[in-house]
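This one's a predicted model, so the numbers in the text were calculated from it and none came from an experiment.
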Amino acid sequence: MHDPKLTHQERKLLEGIEEGLRSDRSLNRTLRTLGQPHTGPGAGGGWEESRRRRLGWCTTVLGGASVALFLLAATSSSSAPLWIFAAVWVVTVVCLTTFLRFTAHHRRDRGRAPDEGGAEPGGAAPGDRPHP
């Protein structure tokens, strides 16, 4: 089909509009990341990050409790501390396995190559400054 010709004034006006749109970093970032999963706070990624962090702390606390219960069971003549240690240890292993799975999944997602639009994983463009 035939392209209509623009006058010199219309071309200058269009160039001015395009330059204004190109200089809008927020718009550029939004357009580059359309269709990509959101990973910032307030989106699904923020909740997953918070969950992973809490799971890490719980695993650390359970690990410390397991060591303390093991020492208690080793010095005690009763079998109750041994059974409590066994139960806490199983929960600790399950938490540790889940935490490691989440961490591996998170690192794998961060290590993906940039998409065709030039955006890096997480939605930031190569020239964008990180937000504190």
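If you take CZ on Phe70 and CD1 on Ile84, they are separated by 15.0 Å, rounding to the nearest 0.5 Å. Of the inter-residue distances, the one linking Leu100 atom CG with His105 atom NE2 reads 14.5 Å to the nearest 0.5 angstrom. Remark: Leu14 CG to Glu19 CD distance equals 12.0 Å, nearest 0.5 Å. Here the straight-line distance linking atom CZ of Arg51 with atom OG1 of Thr98 works out to 8.0 Å at 0.5 Å rounding. Separating the OG atom in Ser76 from the CG atom in Leu71 is a distance of 12.0 Å, to the nearest 0.5 Å.
Taking both residues in full, the closest heavy atoms of Gly20 and Ser23 are given as O-OG, 2.9 Å, listed atom of the first, atom of the second, then distance. Considering every non-hydrogen atom in both Glu10 and Lys5, the closest pair reads OE1-O, 4.5 Å.
There is a path of hydrophobic side-chain contacts, each under 4.5 Å, that joins Leu82 to Leu62. Tracing side-chain contacts under 4.5 Å through hydrophobic residues (I, L, V, M, F, W, Y), one never reaches Val88 starting from Leu96; they form parts of separate clusters. Trp83 and Val91 are assigned to two separate hydrophobic clusters, defined by single-linkage of ILVMFWY side chains at heavy-atom distances under 4.5 Å. No path of Ile, Leu, Val, Met, Phe, Trp and Tyr side chains, each step under 4.5 Å between heavy atoms, connects Val94 with Phe102, placing them in separate hydrophobic clusters.
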query = Run the side chain to side chain donor-acceptor pair (under 3.5 Å) check on Arg11 and Thr7 step by step: do they pass?
reply = CA-CA 6 Å; Arg11 276 186 271 137; Thr7 66; over 6 Å; no
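Environment of CD in Gln9: sparse, with no more than 12 heavy atoms of neighbouring residues, nucleotides or ligands closer than 6.0 Å.
Side-chain contact check for Arg101 and Thr97: no donor-acceptor pair (N or O, by modelled atom type) lies under 3.5 Å.
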